[in-house]
Amino acid sequence: MRERPEPEAAAEAAGRLLQFLPEVRSDRLLQSLHSVAGALQRHNRVPAVASWIEEYRTTTTATGGGRP
């Protein structure tokens, strides 16, 4: 089995958390996801990371939790 780079694993784990945001609408969860987005931004050329960042932006905009 091939090891995945850490940014891909982080994006996968964050994706599971992002699914809860519309239902939970927790400020703590939103802040955690915002921190993850900031940390992953430098890896935005990794397809899984770019996909997660787009999903994060779409979800936080739709739930009113987007940040400028």
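Given the structure is predicted, the values throughout are model-derived calculations rather than measurements.
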Exercise for the section: Look up atom OG1 in T61 and atom OH in Y56, then write down how far apart they are to the nearest 0.5 Å. Expected result: 9.0 Å
Problem - L29 and L21: CA distance, side-chain angles, deciding distance, side chain to side chain contact (heavy atoms under 4.5 Å, CB included) verdict - result: CA-CA 7 Å; L29 176 57; L21 188 59; 4.2 Å; yes
Exercise for the section: With sequence neighbours left out, write down each residue that passes salt bridge (Lys or Arg N to Asp or Glu O under 4.0 Å) with R16, or none if nothing qualifies. Expected result: E12
Practice task
Please report the shortest heavy-atom distance between L40 and A10, naming the atom on each side.
Solution key: CD2-CB, 4.0 Å
Practice task
May I ask you to check whether over 12 heavy atoms, not counting those of Q41, lie within 6.0 Å of atom CD?
Solution key: yes
Completion exercise
Residues at least two apart in sequence or cross-chain that pass side-chain contact (heavy atoms from CB on, under 4.5 Å) with S32, listed by chain then number, are none
Completion exercise
dist L18:CG -> T60:OG1 (nearest 0.5 Å) comes out at 8.0 Å
Indicate every side-chain donor-acceptor pair of residues 42-55 with a distance under 3.5 Å to a residue at least two apart or in another chain.
{"unit_1": "W52", "atom_1": "NE1", "unit_2": "A14", "atom_2": "O", "d": "3.4"}
{"unit_1": "E54", "atom_1": "OE2", "unit_2": "T58", "atom_2": "OG1", "d": "3.4"}

